[in-house]
Amino acid sequence: MPELPEAETVRRQLEQQLVGRKIIQSWARLPRITFPNIETFARETQNQTIIAAKRRGKQIYFPLSNGQNLLIHLGMTGQVRVIPGEAVLLPDSFHKHIHAALALDNSTQLIFTDPRTFGKIGVSVELPFLQTMGPEPLDEDFDAHALAQKLAGRATKIKNALLDQKLVAGLGNIYADEVLWLARVHPETHANNISTRKMREIVGHMKPVLERAIAARGATLQDGGYQDVFGQYGEYHPHAYGNTGKPCERCGAPIQRGVLGAGKSGRSFHFCPKCQKRKEAK
DNA sequence: ACAATTACCTGTATGC
DNA sequence: TGCATACAGGTAATTG
């Protein structure tokens, strides 16, 4: 699923494709995922020039010439494509999973697809997530010690803490499992039971693993999974996530899968039972 | 302020 | 073959 490396891959590609382009026509069809509503989205994007392509955590956004921002969150199964197109959008011809489209002034179209509709697309002048979201692991002034201290203050399990976008931006199931595998920490270890040294190790793995994943254009877990703007799969292969039953690349023990939280809304985690032993009483 | 739980959604996989 | 059920999880909203 799209996390920081996948969002950054898409951002970089869209930066090349979109910046400087003028939006000629805009269309969306699903009120639930279009904000603030379909009419405003269409009105406030049309005839605007795209100034820049930015990202914060998993959120991608584009400042427009009228002071608005075009925002895209890929959610679970969201994808954006840039395709050669016509000057006029033909929504009747769109596949049912296409929920928004922008026609640009160079005869290309930006297409937003999302079968599971957990993604979002819309416009907003304000960007409140810039304030509420936790630090960016790839920022130059990223303070690893401060983050380690913040995480260590939490009573919840470390995997849950890493997924909390208010504590640190951009990690999802794949890369949270990944940094815990790299640091040899069991995902169910309570954050406040992790030593300062070990917590700094966890935090220290964030930047390198995210950069490696970006270099591979993200991770695609299965056929039909995450694809970039050109329809290409990501080539980063996680060590833990999705590897249930396969040998750990460090020690050979089979990777195990577990579930955090209650049944229906439980979140899976993946770990090596030999490298990532629990070091506390339940 | 924090932690835990639930709802949202549908293509794919699995079971009978 | 067909139908029913389970599963996937980022985020917002709700509850304690």
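When reading the values below, keep in mind they use all heavy atoms of this one structure, side chains included, and skip hydrogens, waters and symmetry mates. Below, chains carry the letters A, B, ... as their sequence lines are ordered, and counting in each starts from 1.
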*Can you check the A/Ile60 CD1 to C/dT11 P distance for me, whole Å?*
12 Å
*Considering only side-chain heavy atoms of A/Ala155, which listed nucleotide, B/dG11, B/dA3, C/dT11, is closest?*
B/dA3
*If you check the A/Tyr241 side chain, which of C/dA8, B/dC9, C/dT11 turns out closest?*
C/dA8
*To the nearest Å, how far apart are A/Lys157 NZ and B/dT5 P?*
9 Å
*Determine: side-chain N/O of A/Thr156 to OP1/OP2 of B/dA4, distance under 4.0 Å, yes or no.*
yes
*Contact class for A/Lys120 vs. all strands (heavy atom < 4.0 Å): base, sugar-phosphate, or nothing?*
nothing
*Passing candidate, side chain to side chain contact (heavy atoms under 4.5 Å, CB included) with A/Val203, options A/Met206, A/His205, A/Arg200, A/Lys207*: A/Met206
*Which residue lies toward the 5' end of DNA chain C, A/Met76 or A/Lys166, if each is placed at its nearest nucleotide?*
A/Met76
*Rounded to the Å, how far apart are A/Asn173 CG and C/dC7 P?*
16 Å
*What is the distance, rounded to the nearest whole Å, between atom CG of A/Leu30 and atom P of B/dC8?*
15 Å
*Rounded to the nearest angstrom, tell me the gap between atom CG in A/Leu167 and atom P in B/dC2.*
8 Å
*Atom CD of A/Gln276 and atom CD of A/Glu188: how far apart are they, to the nearest 0.5 Å?*
11.5 Å
*Presence of salt bridge, A/Arg197 and A/Glu201, under 4.0 angstrom*: no
*List the steps and the verdict of side-chain contact (heavy atoms from CB on, under 4.5 Å) for A/Leu4 and A/Arg55.*
CA-CA 9 Å; A/Leu4 189 153; A/Arg55 178 191 60 75; 3.3 Å; yes
_A/Arg154, nearest nucleotide to its side chain (from B/dG11, C/dG10, B/dA3)_ = B/dA3
*Interatomic distance where NE2 belongs to A/His97 and P belongs to B/dC9 [whole Å]*: 13 Å
_Could you tell me how far apart A/Ile33 (CD1) and B/dC9 (C1') are, to the nearest whole angstrom?_
11 Å
*side-chain N/O A/His73 vs C/dG10 OP1/OP2, d < 4.0 Å*: no
_Check whether A/Asn69 reaches the backbone of A/Ser124 with its side chain - one donor and one acceptor, N or O, closer than 3.5 Å._
yes
_For a quick check of understanding: with a heavy-atom distance under 4.0 Å over all strands, which category does A/Ser268 fall into, base, sugar-phosphate or nothing?_
sugar-phosphate
*Using only heavy-atom distances, decide whether a donor-acceptor pair under 3.5 angstrom links the side-chain of A/Arg267 to the base of C/dT11.*
yes
_Whole-Å distance separating the CD1 atom of A/Ile174 from the P atom of C/dA8_ = 14 Å
*Is A/Gln165 near enough to C/dT11 that one of its side-chain N or O atoms lies under 4.0 angstrom from OP1 or OP2?*
yes
*Check every atom of C/dT11, C/dA8, B/dG11 against the side chain of A/Arg116 and return the nucleotide holding the closest atom.*
C/dA8
